[in-house]
J.: 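Below: one structure in structure tokens.
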2 protein chains.
Amino acid sequence: MPLTDSPPSPTNRAELRRKAFLQAAREVFLEQGYEAANMSEIVRRAGGSLTTLYNQFGDKKGIFLATLDESLSEITHAMEVESQSHAPARDGLTRIGIQFVSQLTRPDSLETYRLIVGLARQFPDVAKSFSEKGPDKVRAALASYLMDREEAGEISAENPTQLASLFLDMVRMGLQSRALLDSDFRPTQEEVEATVSRAVDIFLNGVATRPL
Amino acid sequence: MPLTDSPPSPTNRAELRRKAFLQAAREVFLEQGYEAANMSEIVRRAGGSLTTLYNQFGDKKGIFLATLDESLSEITHAMEVESQSHAPARDGLTRIGIQFVSQLTRPDSLETYRLIVGLARQFPDVAKSFSEKGPDKVRAALASYLMDREEAGEISAENPTQLASLFLDMVRMGLQSRALLDSDFRPTQEEVEATVSRAVDIFLNGVATRPL
DNA sequence: ATTCTTGGGTAATGATCATTACGTTCGGGT
DNA sequence: ACCCGAACGTAATGATCATTACCCAAGAAT
């Protein structure tokens with residue numbers, strides 16, 4: 001287990017190696033997938049040697065989990081929703097939606113998600129930890145914002161968590177599911193905004209021309 | 001290319017073999033994933049021999065594509081949406097939604113989807129063909145139903161296709177995304193109905209207590 | 001300077017398959 | 001009963017790795 005204290009000037013050699021390995025491994029896993037990824041390729045890109053790689057991470061699964069951890073914390077961190085806001089519903093939802101979708105359709109978020117979904121059977125713990133750190137957190141944050149808006153009398157939110165899920169799925173999946181299946185597709189900022197704005201419309205007011 | 005005519009009584013031997021291979025291959029691919037799937041294991045389960053397997057399908061990718069085709073047509077066929085219906089919006093949407101979600105959360109639909117998503121980078125053509133045969137078809141069917149409902153004056157549907165996507169994503173993803181990450185999760189009929197009914201409510205009337 | 005530890009480079013080692021080759025057997029058409 | 005092509009079963013063949021062994025260099029500590 002790496003200690004955080006190190007001699008002042010000569011920055012921990014091992015630490016540098018580790019960073020380089022993680023960076024390279026992440027590239028390789030995202031590009032090739034878990035099975036197809038080649039340990040030697042990682043070393044080729046990171047420099048260093050197979051020996052060191054194995055000493056630091058144990059085995060292939062070990063280094064894979066380590067890279068996932070890094071990717072996850074990066075993604076989920078960038079998603080710390082601004083749900084403390086007391087902005088009016090339309091504004092707040094739009095802002096949150098755009099933030100959320102932009103984050104999820106970044107190429108490496110997508111690739112990471114592909115990996116996790118593909119391996120959910122093999123590594124259930126990874127998938128679970130992802131759910132908790134990512135989706136669950138965002139949903140909870142949005143739910144609390146919705147409750148705030150209900151108190152303001154703008155909306156009716158009996159079941160805020162379920163409602164939050166519905167909204168997130170709505171803004172998210174149009175673009176994400178397309179992107180998941182077509183790895184060349186990358187939505188523009190305008191597309192993101194248009195999708196979100198349409199979703200917010202429907203979420204708030206529905207499509208009925210009269211109560212149905 | 002296999003001809004469809006065969007001697008009346010002695011049902012085409014090759015045809016039987018083919019069915020058995022496809023069935024076994026599908027099991028193996030869904031259980032193990034593409035890379036990990038073992039050709040000999042397929043033969044072990046199907047009976048017959050490696051030689052015959054290769055003669056019928058060419059190579060591993062070939063038999064994989066063949067099984068995918070079968071899975072897809074099975075799924076989409078079962079979903080030949082009752083979009084010809086002229087039922088009132090709430091009824092029609094509810095029925096379509098339930099049908100759709102039940103279908104997609106079946107274990108082998110989920111596993112098939114996992115496989116395709118995981119391989120989208122490696123075999124873009126597979127992912128594309130899946131999109132066309134599956135999602136695109138369903139979306140189009142729903143869009144036409146929405147237009148019908150617009151003519152009936154029940155809803156306003158400027159952009160029916162986009163609207164269809166939003167609705168489908170809404171009903172679908174709550175359960176599907178949970179199931180994708182947790183391979184043990186299987187929604188009950190009640191959960192499906194509750195989710196869909198809530199989604200239909202919001203889709204039709206929104207959550208706003210007054211126009212926003 | 002010398003030992004000691006850790007990382008580097010290269011080449012085993014051992015598995016695990018996809019894919020093919022080969023000699024045998026079987027069914028059914030004559 | 002005889003023949004032919006299609007299946008069988010088994011065992012190559014050849015790749016491709018994960019993982020390990022070995023031996024050498026360099027830096028730190030003594």
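Treat the numbers as computed from the prediction; the structure is a model and nothing was measured. Chain A is the first sequence line, chain B the second, and so forth, proteins listed ahead of strands; every chain is numbered from 1. Basis for what follows: all heavy atoms, side chains included, without hydrogens, waters or symmetry-related copies.
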J.: May I ask you to check whether A:Tyr34 and A:Phe123 place their ring centers less than 6.0 Å from one another?
T.: yes
J.: Listing request: all side chain to side chain donor-acceptor pair (under 3.5 Å) pairs with a residue in residues 107-120 of chain A, at least two apart in sequence or in separate chains.
T.: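 Sorted result for residues 107-120 of chain A: A:Arg26-A:Asp108, A:Arg106-A:Asp108, A:Glu111-A:Arg114, A:Glu111-B:Arg121.
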J.: Atom NZ of B:Lys61 to atom C1' of C:dT19: distance rounded to whole Å?
T.: 17 Å
J.: B:Phe57 CZ to C:dT19 C1': how many Å, rounded?
T.: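 Between C1' of C:dT19 and CZ of B:Phe57: 16 Å.
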J.: Return yes when atom CZ of A:Arg90 has more than 12 non-hydrogen atoms of other residues, nucleotides or ligands closer than 6.0 Å, and no otherwise.
T.: yes
J.: What are the residues of residues 22-33 of chain B, sorted by number, that bring a heavy atom to within less than 4.0 Å of DNA chain C?
T.: none
J.: Using a cut-off of 4.0 Å on non-hydrogen atoms, how would the nucleic acid contact of A:Gly48 be classed: base, sugar-phosphate, or nothing?
T.: sugar-phosphate
J.: Within this structure, what is the CD-to-P distance between A:Gln56 and C:dG7, rounded to whole angstrom?
T.: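 Those two atoms, CD and P, are 7 Å apart.
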J.: What is the distance from atom CZ of B:Arg139 to atom OG of B:Ser131, rounded to the nearest 0.5 Å?
T.: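 The distance works out to 8.0 Å.
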J.: Measure the CG-CD1 distance between B:Leu93 and B:Ile155 for me, rounded to the nearest 0.5 Å.
T.: 7.0 Å
J.: Run the side chain to side chain contact (heavy atoms under 4.5 Å, CB included) test against A:Asn159 and tell me which residues pass, sequence neighbours left out.
T.: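 Applying side chain to side chain contact (heavy atoms under 4.5 Å, CB included) to A:Asn159 gives A:Thr161, A:Gln162, B:Arg198.
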J.: Verify the contact: side-chain N or O of A:Arg17 to OP1 or OP2 of C:dG8, cut-off strictly under 4.0 Å; return yes or no.
T.: yes
J.: Is the A:Phe29 ring parallel, tilted or perpendicular to the A:Phe64 ring (thresholds 30°, 60°)?
T.: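 Rings of A:Phe29 and A:Phe64: perpendicular, over 60°.
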J.: Could you list the residues that satisfy side chain to side chain contact (heavy atoms under 4.5 Å, CB included) with A:Glu41, not counting sequence neighbours?
T.: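 Side chain to side chain contact (heavy atoms under 4.5 Å, CB included) check on A:Glu41 returns A:Val28, A:Asn38, A:Arg44, A:Arg45.
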J.: Write out all pairs satisfying salt bridge (charged side-chain N to carboxylate O under 4.0 Å, His left out) with one or both partners inside residues 180-192 of chain B, taking only residues at least two apart or from two chains.
T.: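 Output for this query is empty, none listed.
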J.: How long is the line joining CG of A:Leu53 and P of D:dT19, in whole Å?
T.: 10 Å
J.: Starting at CG of A:Leu50 and ending at P of C:dA11, how long is that distance when rounded to a whole Å?
T.: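 It is 13 Å, rounded to the nearest whole Å.
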J.: Does C:dG8 have OP1 or OP2 sitting under 4.0 Å from an N or O in the side chain of A:Thr51?
T.: no
J.: Detail all sub-3.5 Å separations between protein N/O atoms and N/O atoms belonging to nucleotides 12-18 of chain C.
T.:
{"from": "C:dC17", "atom 1": "O5'", "to": "B:Asn38", "atom 2": "ND2", "distance (Å)": "3.4"}
{"from": "C:dA18", "atom 1": "OP1", "to": "B:Ala37", "atom 2": "O", "distance (Å)": "2.7"}
{"from": "C:dA18", "atom 1": "OP1", "to": "B:Lys60", "atom 2": "NZ", "distance (Å)": "2.7"}
{"from": "C:dA18", "atom 1": "OP2", "to": "B:Met39", "atom 2": "N", "distance (Å)": "2.8"}

